[in-house]
Every structure is written in C-alpha cells, then in structure tokens.
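Below, chains carry the letters A, B, ... as their sequence lines are ordered, and counting in each starts from 1.
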Amino acid sequence: MSAIKYELLHVCKQSGARLGRLHTPHGVIETPIFMPVGTQATVKTLSPEELKMMNAQIILSNTYHLWLQPGDDIIKEAGGLHEFMQWDRPILTDSGGFQVFSLSNLRKITEEGVYFRHHKSGEQLFLSPEKAIQIQNNLGSDIMMSFDECVELPAEYNYVKQSVERTTRWAERGLKAHKNEKSQALFGIVQGGDFPDLRKMSATELVKLDFPGYSIGGLSVGESKETMYRTIEFTIPYLPTDKPRYLMGVGSSDALIEGSIRGIDMFDCVLPTRIARHGTAMTSHGRIVIKNKQYERDFTPLDHECECYTCKNYTRAYLRHLIKAEETFGQRLISYHNVFFLIRLMENVRQAIKENRLLDYRDEFFAKYGFSDPTNSRQF
RNA sequence: GGAGGGGUAGCGAAGUGGCUAAACGCGGCAGACUGUAAAUCUGCUCCCUGUGGGUUCGGCGGUUCGAAACCGUCCCCCUCCA
C-alpha cells in the first residue's frame with residue numbers, strides 16, 4: 001500500500017509525452033509538473049499564499065539543510081513540515097544526495113554513508129541512507145528520496161559503476177529503514193552518469209525493489225543538453241509506465257519541454273528563483289537580464305504576454321531599479337514571475353499533450369523564445 | 001595675519017626615485033547561475049586599440065639616465081591659533 005498513486009491519463013500521439021495525475025496524502029498534482037524549490041522550508045522570497053496564487057501544486061525541500069537547521073526533531077515537534085511552514089499541499093524532500101555532489105570538497109564517502117564537514121563550524125557530520133530516511137520521516141514529506149551519490153560529469157566508468165552499485169545498496173537500506181510507508185512515498189534514484197549500460201543496470205535493479213516512483217539523478221551536472229537528453233532516452237525504457245518519473249534538478253524551459261517529450265513527469269529546479277535574485281527573468285521571448293542598462297527607461301512589463309502579478313503591475317525600469325538598489329522587493333517580484341512562468345509553461349505542455357501536439361508546441365515556443373541552437377543551454 | 005595638513009583615475013584611498021597605467025574598496029558595464037554553502041561568483045572599467053601604441057597622478061618650471069614620488073613657484077582645499 002503506497003502513499004501515492006500515479007494515474008496515466010493520456011499519451012501524446014505526436015510526442016509520446018505523458019499526461020497524468022499523482023495522488024498524494026496532501027492532494028492531487030497534475031503531471032508533467034514543475035516543482036519550485038524551497039530548500040530551507042521556504043521557496044526563497046515567496047510566501048505559501050503567493051505560491052498558491054501562481055498555482056504551484058507541490059514544492060521541494062531538503063533533508064540536509066533542515067537536519068542541520070532547525071533540526072528535524074523540532075519540525076516533528078511542530079507537527080511536521082507542512083504545519084511548520086504553513087504549506088498544506090504536497091511536499092517532496094530531497095535526501096541530501098545532491099549535497100554529496102555540491103559539497104564535494106567537504107565530504108568523504110564510505111559504504112556506510114557520507115561524512116560532511118560543516119562549511120561554517122567545521123563540525124563533523126555523518127549522513128547515511130537510514131539517517132536520511134529517518135529525517136524525512138520526521139519531516140513528514142509526501143514524497144521522499146533515497147540517499148544517493150550524485151556523480152559529477154564527466155566521470156570515469158569504473159568509478160560510476162561502483163558508485164551506482166553503492167547507491168542501489170543504499171536505496172535498499174533506505175527502503176528497510178522507512179517507517180511511514182502509508183503516509184510517505186519513497187523514490188529510488190537512477191544514477192549511472194552518461195553510460196547506457198550503467199543507467200540500465202541502475203534502473204533495473206531499483207525497479208526490482210519496487211519503489212512507488214523513480215527519479216533520474218546525476219543530470220544537469222556539467223554535461224551538454226544533448227548528453228542529458230540522450231541519457232533520459234536510454235533510461236526511460238527501463239522504468240515502469242505505471243509509476244511517476246522525476247528528473248531531478250532540471251528547470252530551464254527548453255529542458256522541461258524536451259524532458260516531457262521523453263516521458264518525464266516531474267521536474268524541480270532552483271534556477272527560476274536563483275537567477276531572479278540575480279536580476280534575470282525568463283520570458284516568452286527569451287531570458288532578459290533586467291539589470292542591464294538597456295532597460296533603464298523601459299516602462300513596459302517584463303513579459304507582454306504574461307498575466308502574473310509582477311507583469312500586470314510593474315515595469316522593467318522599476319524592476320531594474322529595485323535590483324540595482326538591492327531591494328528585496330525586486331527579488332520577490334522577479335522570483336514570482338519566473339516561477340509563475342515555468343508553472344504556466346507546464347500547464348501549456350499538459351494542454352498540448354491532451355491535444356496531441358506537444359512537438360508543435362515545442363517548435364512554437366522555441367521560435368518565439370529566439371532559440372536556434374538546441375545544444376546551447378545559455379539561451380535559456 | 002600665525003602654525004600645520006593636504007591636492008592620485010567617476011568617488012574614496014594606497015603609493016614618497018626605476019618592478020606604476022598606478023594596489024584596494026565603492027560605483028559603473030557585462031557574463032554566469034539547473035535535486036540552493038548562492039541577495040553569490042567571474043571579467044572589464046584613462047584613451048585608441050592586437051599580448052601594440054598614446055597621454056596621466058592640481059598648474060608651470062627645474063634636478064635626474066629615469067619623477068606621481070626630489071627642488072622652486074603659482075593655484076586650490078582643510079584644521080587649529082589670532
């Protein structure tokens with residue numbers, strides 16, 4: 001009895017993309033979907049009300065960060081993460097596996113788990129597959145991730161092979177440690193770098209363990225878009241069609257569309273909120289760096305075709321001013337717009353799947369975006 | 001009127017004979033950002049431009065092989081005493 005249930009509603013006749021519904025303890029989400037990231041129990045600068053206004057259906061949070069601060073025991077005592085942060089819709093938590101990658105110079109991997117050195121205090125920390133599950137059980141997320149190693153690309157075949165085997169063993173250990181199977185679903189994470197046989201091995205071994213959903217990890221970590229798409233293509237066939245597939249850490253608009261076409265159901269990414277804070281907006285006509293001088297006297301909206309709160313009320317000149325003056329309101333307005341933009345994009349993708357025209361939609365979107373070279377991610 | 005301190009690139013501020021077109025900070029202009037060590041990081045910022053050239057350190061005139069730095073003089077600013 002799994003805590004979640006995936007319902008495949010329709011397959012796009014033109015592209016093969018999947019339209020679905022994922023039933024979770026905190027509600028139903030429509031897939032393919034983009035999940036905004038709220039690492040420290042908040043999507044940076046945005047309130048739960050604002051996320052609801054833009055129709056965010058599920059958000060992501062992080063085991064590693066909440067374990068260190070404020071501590072998962074405190075969140076459990078608060079009544080769980082939903083209650084603690086006042087978000088009553090579904091939450092997915094990452095396991096800390098990405099921190100094995102992003103904090104690579106501060107950690108040491110062993111079979112038992114990973115030793116981290118706290119980046120500020122220098123304190124010695126240890127995270128294991130069991131510990132990651134226990135923390136997520138305390139957080140009470142709807143969907144939890146197995147503790148994995150996210151390997152940087154390019155990588156040595158032999159290293160990736162032993163890493164994948166270890167990640168699979170860790171997944172099995174996590175499954176055994178999981179206490180709340182009825183209220184929380186645990187996903188397995190497929191690794192294997194850009195090697196077809198290792199991805200196959202990873203996927204088939206995890207599928208044997210019968211997880212309620214599968215993530216594809218280890219992508220968007222330095223490889224080309226071409227490699228990423230190819231890797232998705234040769235991984236997906238080994239995943240069951242009656243379970244959700246989650247492509248971890250991917251959130252540029254082109255990759256959301258291309259991923260959906262290849263059968264991905266869920267995406268998450270810090271990109272929209274991070275670049276917003278740094279003064280860049282995603283628009284239907286391409287990325288614009290709002291802090292650039294050319295917008296100094298531009299009294300038009302960020303995106304003429306956008307209906308978000310920011311675009312309905314404020315000008316580029318004002319947003320540029322706020323960002324340059326380091327006013328947090330500017331970061332909020334652009335974060336709001338960027339997340340809205342990706343959520344709306346996925347609504348359009350779902351509609352296109354329903355109408356069996358996702359490939360046409362992709363071409364229209366790319367043409368308008370000013371996208372000419374599909375291997376050049378910089379335009380997104 | 002007397003005593004002292006100071007004038008360096010858009011601003012602040014190092015530098016007191018060659019390694020200085022001149023540290024550093026700010027500002028400015030660009031770029032990056034993909035399961036968030038990220039309101040962060042990187043580059044450029046006298047002029048023309050090729051890893052080449054041309055003009056600079058208040059003005060003018062000297063000393064020296066060589067000066068932003070030493071000397072003379074003029075201009076301007078600040079502090080204290082009258």
Protein and nucleotides 9-11 of chain B: nitrogen or oxygen contacts under 3.5 angstrom:
none

For nucleotides 43-47 of chain B, give me every protein contact, N/O to N/O, under 3.5 Å, one pair per line with atom names.
none

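Neither side chain, A:Y64 nor A:D94, offers a donor N or O lying under 3.5 Å from an acceptor on the other.
Residue contacts for A:S215: at a heavy-atom cut-off of 4.0 Å it reaches no nucleic acid atom on any strand shown. Counting any heavy atom pair closer than 4.0 Å across all strands shown, A:K291 reaches a base atom. Using a 4.0 Å heavy-atom distance criterion, A:N292 is classed as a sugar-phosphate-only contact. Nucleic acid contact for A:Q191: base, since at least one base atom lies under 4.0 Å from a heavy atom of the residue. Across all strands shown, A:I189 has heavy atoms under 4.0 Å from base atoms, whether or not it also approaches the sugar-phosphate. Heavy atoms of A:L106 sit under 4.0 angstrom from at least one base atom.
Distances shorter than 4.0 Å separate none of the side-chain N or O atoms of A:N62 from OP1 or OP2 on B:G35. In terms of phosphate contacts, A:S102 brings a side-chain nitrogen or oxygen within less than 4.0 Å of OP1 or OP2 of B:A37. Between A:S220 and B:U34 there is no side-chain N or O to OP1 or OP2 distance below 4.0 Å. The phosphate of B:C29 (OP1 or OP2) has a side-chain N or O of A:R320 nearer than 4.0 angstrom. Taking 4.0 angstrom as the limit, A:R287 places a side-chain polar atom (N or O) nearer than this to OP1 or OP2 of B:C33. A close approach under 4.0 Å does not occur between any side-chain nitrogen or oxygen of A:R277 and OP1 or OP2 of B:U40. Between A:Q99 and B:A37, a side-chain N or O to OP1/OP2 separation shorter than 4.0 Å is present.
Ion pair A:R344/A:E347 flagged as a salt bridge, since at least one NZ, NE, NH1 or NH2 atom sits closer than 4.0 Å to an Asp/Glu carboxylate oxygen.
Nearest to the side-chain atoms of A:K293 among the listed nucleotides B:G35, B:A39, B:A30 stands B:A30. Side-chain proximity of A:L271 to the nucleotides B:C33, B:A39, B:G35 is greatest for B:C33. Of the listed nucleotides (B:A37, B:A39, B:G28), B:G28 has the atom at the smallest distance from the side chain of A:K324.
Scored by the side chain to side chain contact (heavy atoms under 4.5 Å, CB included) test, A:R21 finds A:E7, A:L9, A:H23, A:V28 as partners (sequence neighbours excluded).
Taking the six-membered ring where the residue is Trp, A:Y314 and A:Y318 present parallel rings, their angle staying beneath 30° rather than reaching 60°. In this pair, A:H82 and A:H26 present their aromatic rings parallel. The plane angle is below 30°, not in the 30 to 60° band.
Residue ring and base: A:H278 counts as stacked with B:U40 (centre distance below 5.5 Å, interplanar angle below 30°).
The same ILVMFWY cluster, assembled from side-chain heavy atoms under 4.5 Å apart, contains both A:F267 and A:L19.
The base of B:U36 sits within donor-acceptor range of the side chain of A:T273, with an N or O pair under 3.5 Å.
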